[in-house]
Amino acid sequence: MKIIIYIRIDASLDKKSDSICYVSDLLENSLKDIDYGAINYYLLSCVAVKTRPGFEAWSKAKRPRFVEHYRAKGWDGTYLEVDGFYNCSFKIDGEEYDRFASASEEEARKIVAAKVVESLSSLDRLSKKAAGFDKERFKSDVINLFKEHDLL
């Protein structure tokens with residue numbers, strides 16, 4: 001399975017993107033050789049933006065989505081085709097954003113890991129098209145991986 005965290009972050013948090021990349025690389029490298037079934041490409045979107053009142057709609061997390069066959073055009077004009085594409089988002093905002101911004105590198109990684117685990121609950125509403133996905137084993141593997149690396 002290919003798993004990656006896409007980052008959308010405030011410019012003031014550029015230094016914290018390393019924490020998000022660390023968690024993303026950990027997931028990607030640890031789960032790349034495991035087949036969980038219907039989902040082959042798992043994209044998590046991290047939205048770490050301090051929302052200003054009245055602009056909540058601009059930075060809200062997208063609802064989870066599973067597509068059996070996904071085709072996207074790249075910047076170079078080539079197409080990426082993926083079977084079993086799942087996309088979900090999590091948001092770091094409000095008091096959590098302030099805590100993330102002032103956290104040490106280690107604490108920031110723990111915040112991101114906790115948000116990833118929290119986002120796994122979206123798999124409970126997975127469509128019947130992805131019925132072959134072993135979500136319980138996937139959740140268990142992610143949680144155990146984070147525990148092994150002292151992120152939970």
Engineer: Does any donor atom in the side chain of Tyr97 or Ser102 lie under 3.5 Å from an acceptor atom in the other side chain?
Structural biologist: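 Tyr97 vs Ser102: no donor-acceptor pair found between side chains.
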
Engineer: More than 12 foreign heavy atoms under 6.0 Å from CD of Glu106: is that the case here?
Structural biologist: no

Engineer: Does the pair Glu28 and Lys32 meet the rule for a salt bridge (Lys or Arg N to Asp or Glu O under 4.0 Å), with working shown?
Structural biologist: CA-CA 6 Å; Glu28 184 175 7; Lys32 68 182 175 187; over 6 Å; no

Engineer: Taking Ser24 for its side chain and Ile5 for its backbone only, find out whether a donor-acceptor pair lies under 3.5 Å.
Structural biologist: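 The answer is yes, because a donor-acceptor pair under 3.5 Å joins these two groups.
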
Engineer: What pair of heavy atoms forms the shortest contact from Ala108 to Ala103, and how long is it?
Structural biologist: N-CB, 3.8 Å

Engineer: How long is the straight-line distance from CD1 of Ile111 back to CD of Glu96, given to the nearest 0.5 Å?
Structural biologist: 7.0 Å

Engineer: Please answer: with hydrophobic residues joined when any side-chain heavy atoms are less than 4.5 Å apart, are Leu27 and Ile20 in the same cluster?
Structural biologist: yes

Engineer: Any side-chain donor paired with an acceptor under 3.5 Å for Tyr36 and Asp141?
Structural biologist: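 There is such a pair between these side chains.
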
Engineer: Count I, L, V, M, F, W, Y as connected when their side-chain heavy atoms are under 4.5 Å apart, and connections chain through other members. Are Leu152 and Leu145 then in the same cluster?
Structural biologist: yes

Engineer: Apply side-chain contact (heavy atoms from CB on, under 4.5 Å) to residues Phe85 and Leu43 and explain how you reach the verdict.
Structural biologist: CA-CA 8 Å; Phe85 177 81; Leu43 176 65; 4.0 Å; yes

Engineer: Is there a donor-acceptor pair closer than 3.5 Å between any side-chain N or O of Ser119 and the backbone N or O of Val116?
Structural biologist: yes

Engineer: Hydrophobic clustering (ILVMFWY, side-chain heavy atoms < 4.5 Å, transitive) - are Ile34 and Val23 grouped together?
Structural biologist: yes

Engineer: Taking the six-membered ring for Trp, are Tyr42 and Phe138 closer than 6.0 Å centroid to centroid?
Structural biologist: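 For Tyr42 and Phe138, the ring centres are under 6.0 Å apart.
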
Engineer: Around atom CZ of Arg65, are there more than 12 heavy atoms from other residues, nucleotides or ligands closer than 6.0 Å?
Structural biologist: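 Atom CZ in Arg65 is not crowded, with 12 or fewer foreign heavy atoms closer than 6.0 Å.
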
Engineer: Looking at Arg99 and Glu95, is there a salt bridge between them, counting it only when a charged N and a carboxylate O are closer than 4.0 Å?
Structural biologist: no

Engineer: Please evaluate residues Leu44 and Cys88 with respect to the criterion side-chain contact (heavy atoms from CB on, under 4.5 Å), reporting the C-alpha separation (whole Å), side-chain torsions for both, the decisive distance (0.1 Å), and the verdict.
Structural biologist: CA-CA 5 Å; Leu44 279 159; Cys88 71; 3.4 Å; yes

Engineer: Which pair of heavy atoms, one from Glu136 and one from Asp124, lies closest together, and at what distance?
Structural biologist: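 Minimum heavy-atom separation between Glu136 and Asp124: OE2-OD1, 4.4 Å.
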
Engineer: Could you tell me the separation between the SG atom of Cys21 and the CG atom of Leu26, rounded to the nearest 0.5 Å?
Structural biologist: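 Rounded to the nearest 0.5 Å, the SG-CG separation comes to 12.5 Å.
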
Engineer: Give the cluster check for Tyr6 versus Ile39: same hydrophobic cluster or not, with ILVMFWY residues linked at side-chain heavy-atom distances below 4.5 Å.
Structural biologist: no

Engineer: Does the pair Phe133 and Phe66 meet the rule for a ring pair (Phe, Tyr, Trp, His ring centres under 6.0 Å), with working shown?
Structural biologist: CA-CA 11 Å; Phe133 183 67; Phe66 173 75; 8.5 Å; no

Engineer: So, do Leu123 and Lys139 sit near enough that their side-chain heavy atoms are less than 4.5 Å apart?
Structural biologist: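 Heavy-atom side-chain distance check passes, below 4.5 Å.
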
Engineer: According to a hydrophobic-cluster definition based on side-chain heavy atoms being under 4.5 Å apart (Ile, Leu, Val, Met, Phe, Trp, Tyr only), do Val117 and Tyr22 belong together?
Structural biologist: yes

Engineer: Can you tell me how far OH of Tyr41 sits from CD of Glu81, rounded to the nearest 0.5 angstrom?
Structural biologist: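 Result: 14.0 Å between the selected atoms.
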
Engineer: Would Met1 and Asp35 count as a side-chain contact (heavy atoms from CB on, under 4.5 Å) here? Give the steps.
Structural biologist: CA-CA 6 Å; Met1 167 188 273; Asp35 182 12; over 6 Å; no

Engineer: Where is the tightest heavy-atom contact between Ile9 and Ser17, given as atom of each residue plus distance?
Structural biologist: CD1-N, 4.2 Å

Engineer: Could you give the distance from NZ (Lys16) to OG (Ser104), rounded to the nearest 0.5 Å?
Structural biologist: 6.5 Å

Engineer: Using the rule given for side-chain contact (heavy atoms from CB on, under 4.5 Å), can you reason through Arg71 versus Leu80, listing the C-alpha separation, both sets of side-chain angles and the distance that settles it, and then say yes or no?
Structural biologist: CA-CA 6 Å; Arg71 185 174 190 224; Leu80 168 71; over 6 Å; no

Engineer: So, Lys2 side chain and Asn40 main chain: donor-acceptor pair closer than 3.5 Å or not?
Structural biologist: no

Engineer: In Å and rounded to the nearest 0.5 Å, what is the NE2 to NZ distance from His69 to Lys129?
Structural biologist: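 Atom-to-atom, His69:NE2 and Lys129:NZ are 13.0 Å apart.
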
Engineer: Hey, what do you get for CG (Leu151) to CD (Glu107), rounding to the nearest 0.5 Å?
Structural biologist: 10.5 Å

